[in-house]
Amino acid sequence: MPELPEVETVRRGLLKIAKGRKIAAIDIHYEKTITNENIAWFKENLIGATIVNVDRRGKYLLFCFDNQMTMVSHLRMEGKYYNLPEDGEIHKHTHVVFHLDDDTKLCYSDSRKFGRMTLVKNDEALQVAGLKTIGPEPTAETLTVEYLQKIMHASRREIKPFLLDQSNVAGLGNIYVDEVLWMSKIHPKEHANLVSDEQIEQLRDNIIQELAVATEHHGTTVHSYTNAFGNAGEFQNHLHAYGNAGKPCERCGTPFKKIKVAQRGTTYCPHCQILTENEND
DNA sequence: CGTTTTTCCTGGCAGC
DNA sequence: TGCTGCCAGGAAAAAC
């Protein structure tokens, strides 16, 4: 499940192979991937257009073209881009193929078919659902202590779904939320407004630090497979909580527990991460 | 309006 | 081996 570090890694891979390339033709094998109501319009506007940049906002990729159009792409759980020679055989679950002007093709595959892409005019890109309400990027400049304290004081939601909500902070997903909560010694079911200001400061530092370091390591590889962009990451070797249910916490030796929080599988240390008010785990 | 639940999908895996 | 059933999960949509 690509989160910010994985999407950033994909973006850098895309820049290398696609920047400056013109789209010669497009094959669409699964139309629901494209959310534009008019698929023909999507194709017409992209064919002949040149990719001038690939940007990112949270987990969204933004392909910028020389005709003042932007293609917004979200990988959701399984979306992957990969590049083949023009005569190469596409992988299973490939839903969209962009034929480029250098005798290669840029392919999008997605075994669960959850990923989406949409084409809009540049000035409408930030009005796309999801981007319209997205929260700040998790950097020292954009995610301030004051902001995080303000929105956490105002919400009684459990901290885990609160952090997964992209309108609060952009870029976190299930893996990195479990990590930063463990690092900050906050129980995943703790209510946001009950977290102390000191803990919020730590949480903010951990979010910024963790995502930056994971990006340096090219993200986390969950599946064993392929040369698709973003799958070369090795940050899975640096995870402390996620995927470690039953194994001892490296701080205190207590076995990690796995529970459900807001429908999401959640791993935490029952000794280090304590609820302030309720006693139920 | 804030929060919770449901929905979309299919590979993988447990259980029989 | 093959079948059924269930789970995983990001974010939009629907429901509360």
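Just so you know, these numbers use all the heavy atoms, side chains as well, and skip hydrogens, waters and symmetry mates.
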Checklist entry - Which residue pairs pass the ring pair (Phe, Tyr, Trp, His ring centres under 6.0 Å) test when at least one of the two sits in residues 104-146 of chain A, sequence neighbours left out? => result Tyr81(A)-Tyr108(A)
Checklist entry - Can you check the Glu78(A) CD to dA8(C) C1' distance for me, whole Å? => result 9 Å
Checklist entry - Starting at NZ of Lys113(A) and ending at C1' of dG10(C), how long is that distance when rounded to a whole Å? => result 18 Å
Checklist entry - Looking at Tyr242(A), does any N or O in its side chain come under 4.0 Å of the phosphate oxygens OP1/OP2 on dG9(C)? => result yes
Item to check | Inter- and intrachain pairs under ring pair (Phe, Tyr, Trp, His ring centres under 6.0 Å), touching residues 18-52 of chain A, at least two apart | outcome: Tyr30(A)-His95(A)
Checklist entry - For the side chain of Asn168(A) and the backbone of Leu163(A), is there at least one donor-acceptor N/O pair under 3.5 Å apart? => result no
Checklist outcome for this item: The side-chain hydrogen bond (donor to acceptor under 3.5 Å, both in side chains) partners of Thr35(A) (sequence neighbours excluded) come to Thr118(A)
Checklist entry - Just how large is the angle between the end axes of the helix from dG2(B)-dC16(C) to dC16(B)-dG2(C), five pairs per end, to 10 degrees? => result 50°
Checklist entry - side-chain hydrogen bond (donor to acceptor under 3.5 Å, both in side chains) with Asn193(A): which residues, sequence neighbours excluded? => result none
Item to check | Contacts of Arg157(A) that satisfy side-chain hydrogen bond (donor to acceptor under 3.5 Å, both in side chains) - sequence neighbours left out | outcome: Asp165(A)
Checklist entry - If you link I, L, V, M, F, W and Y whenever their side-chain heavy atoms are under 4.5 Å apart, who else ends up in the same group as Val120(A)? => result Tyr60(A), Leu62(A), Val72(A), Val128(A), Leu131(A), Ile134(A)
Item to check | Covered region of DNA chain B, 5' end to 3' end, by chain A [heavy atoms, under 4.0 Å] | outcome: dT3(B) to dG11(B)
Next on the checklist: Among residues at least two apart in sequence or on other chains, which ones pass side-chain hydrogen bond (donor to acceptor under 3.5 Å, both in side chains) with Thr215(A)?
Outcome noted: none
Item to check | Set of residues satisfying side-chain contact (heavy atoms from CB on, under 4.5 Å) with respect to Glu31(A), sequence neighbours excluded | outcome: Ile28(A), Ile39(A)
Item to check | Pairs where residues 143-153 of chain A contributes a residue and the test side chain to side chain donor-acceptor pair (under 3.5 Å) is met, not counting sequence neighbours | outcome: His153(A)-Asp197(A)
Checklist outcome for this item: B/S/- along nucleotides 11-16 of chain C (protein heavy atoms under 4.0 Å) is BS----
